[in-house]
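Chain naming here is simple, since letters A, B, ... match the order of the sequence lines and numbering starts at 1 in each.
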There are 2 protein chains.
Amino acid sequence: MEASKSKKQTILEAAAELFRDRGYVATSMRDLADAVQLKASSLYNHISGKEEILQTICFQNANRFLAGMKEIEKRPINNTDKVKALIHLHIQIATEDFTSITAFNDEWRHLSDPELSRFKELRRDYELRFKSIIQAGIDAGEFVSVDTTIALFTIISAVRWIYDWFKPNRAISMDQLEEQIERILLGGLGVKGV
Amino acid sequence: MEASKSKKQTILEAAAELFRDRGYVATSMRDLADAVQLKASSLYNHISGKEEILQTICFQNANRFLAGMKEIEKRPINNTDKVKALIHLHIQIATEDFTSITAFNDEWRHLSDPELSRFKELRRDYELRFKSIIQAGIDAGEFVSVDTTIALFTIISAVRWIYDWFKPNRAISMDQLEEQIERILLGGLGVKGV
């Protein structure tokens, strides 16, 4: 059971990589079988097809972000620290699990309904919760007055390049990277001495 | 001559849209001919193939960014205003010309050498020039001390979501959008009273 689950994760990650390099449409189950060194017939023991892979990647990651959000919402900390924790969440998921990029970039568009609508709803829920925290920070005088939608997308996008760029052997450590990005983004919201 | 040039631009934009929706690999010349309502044989009067389209999109946009950069470098303004002008350049190109997103997101990966190396070189040139301006701003005491690479990618990524999101009928105008993003990003570099 555990071994099969881990095989599935391997397949998901290989699929996410193929989706990035070739696009979802151009990736065949045969390409995927080759990538994970399985026969196509064995691949179907783990996964029913491309659509299931895309669904799993998208919902696994949407739920991960939402679970992180709900945990952060409950913490007895101010909004500045909540935004910091959310930036940390995005950086952590992006660097730990490659498939999250696939879900949050363009590939979710290839979902079909009802999954497409359900995914958009989860994303919208996440975005609204994020905006509420920014708004609460503005109301509490922690942040300068900015449009919460613009602030939200600026923050989310600003951490999205990390996966493409960050390699563990770079001169800068993950902690330094995170600290600097937090400083730029929270400084941008008017927080002093981040 | 003019008419044919404009037809070519229509083809480039339709191609960029198909590349985004299906990926470069999965887009056929037939798909493209359908999208611009031409027969495949007529399409070849305008363009030699997919590779030419991708090359044109990538180099047209790389040159556009570099030309904008060189013009901004020469202006007799401080580094804060240069970074502001660069943010404006990115927003302007992203909202005016859809194909720029294709060039700057993933599709450039599908170029073949020598074009791939040449494109990477242009991009690297652009990034180095951008980082020099950030460094000059730090040296002049305009910005707080940040890692210039992190600041660069944070700024470039932070303006990348606009195309996906901004529609002229939104409650917020393009000018307001730009002003707020500038405030967040320059505030993040420690500039007071942006």
Side-chain angles (χ1 to χ4, degrees), chain A residues 18-28 31 87 101-102 104-107 109-110 127 134 143-166 170-173 176-194, chain B residues 18-28 31 87 101-102 104-107 109-110 127 134 143-166 170-173 176-194:
Chain A
L18 286 168
F19 294 168
R20 180 198 62 188
D21 292 341
R22 310 183 181 190
Y24 175 75
V25 179
T27 301
S28 69
D31 297 331
I87 293 171
I101 303 299
T102 298
F104 270 78
N105 286 2
D106 295 328
E107 303 301 341
R109 292 170 202 257
H110 299 296
E127 289 171 0
I134 297 171
F143 306 146
V144 292
S145 175
V146 288
D147 181 280
T148 55
T149 303
I150 295 179
L152 167 74
F153 285 116
T154 304
I155 293 171
I156 290 183
S157 307
V159 297
R160 224 168 71 169
W161 60 270
I162 296 168
Y163 179 83
D164 272 339
W165 177 83
F166 187 73
R170 292 251 179 185
I172 194 157
S173 75
Q176 290 173 308
L177 177 74
E178 194 173 316
E179 191 206 4
Q180 297 242 352
I181 291 178
E182 274 176 21
R183 199 203 288 179
I184 294 175
L185 293 174
L186 287 165
L189 293 177
V191 178
K192 304 269 174 274
V194 190
Chain B
L18 287 168
F19 294 168
R20 179 197 63 187
D21 293 342
R22 308 183 183 193
Y24 174 75
V25 179
T27 301
S28 69
D31 297 330
I87 293 171
I101 304 299
T102 298
F104 270 78
N105 286 1
D106 294 330
E107 303 300 342
R109 291 171 204 256
H110 299 296
E127 290 171 0
I134 298 171
F143 306 146
V144 293
S145 176
V146 288
D147 182 280
T148 55
T149 303
I150 295 179
L152 167 74
F153 285 116
T154 304
I155 293 171
I156 291 182
S157 307
V159 297
R160 223 167 74 167
W161 59 271
I162 297 168
Y163 179 84
D164 272 339
W165 176 83
F166 186 74
R170 292 251 178 183
I172 193 157
S173 76
Q176 289 172 308
L177 177 74
E178 194 173 317
E179 191 207 4
Q180 297 242 353
I181 292 178
E182 273 176 20
R183 199 202 289 179
I184 294 174
L185 293 175
L186 287 166
L189 292 177
V191 178
K192 305 267 174 273
V194 190

> Return the minimal non-hydrogen interatomic distance between B:I184 and A:A151, and the atom names on each side.
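For B:I184 versus A:A151, the nearest heavy atoms are CD1-CA, 3.7 Å.
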
> Looking at B:L185, B:T154, B:V146, B:T27, which one has more heavy-atom pairs under 4.5 Å with chain A than the rest?
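Highest number of heavy-atom pairs under 4.5 Å: B:T154.
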
> List the atom of A:R183, the atom of B:V144, and the distance in Å for their closest heavy-atom pair.
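The pair with the smallest heavy-atom distance is NH1-CG2, 4.4 Å.
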
> Supply the atom-to-atom distance B:I150 CD1 to A:L177 CG, rounded to the nearest 0.5 angstrom.
4.5 Å

> Do A:Q176 and B:D147 touch side chain to side chain, with heavy atoms closer than 4.5 Å?
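A:Q176 vs B:D147: side chains apart.
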
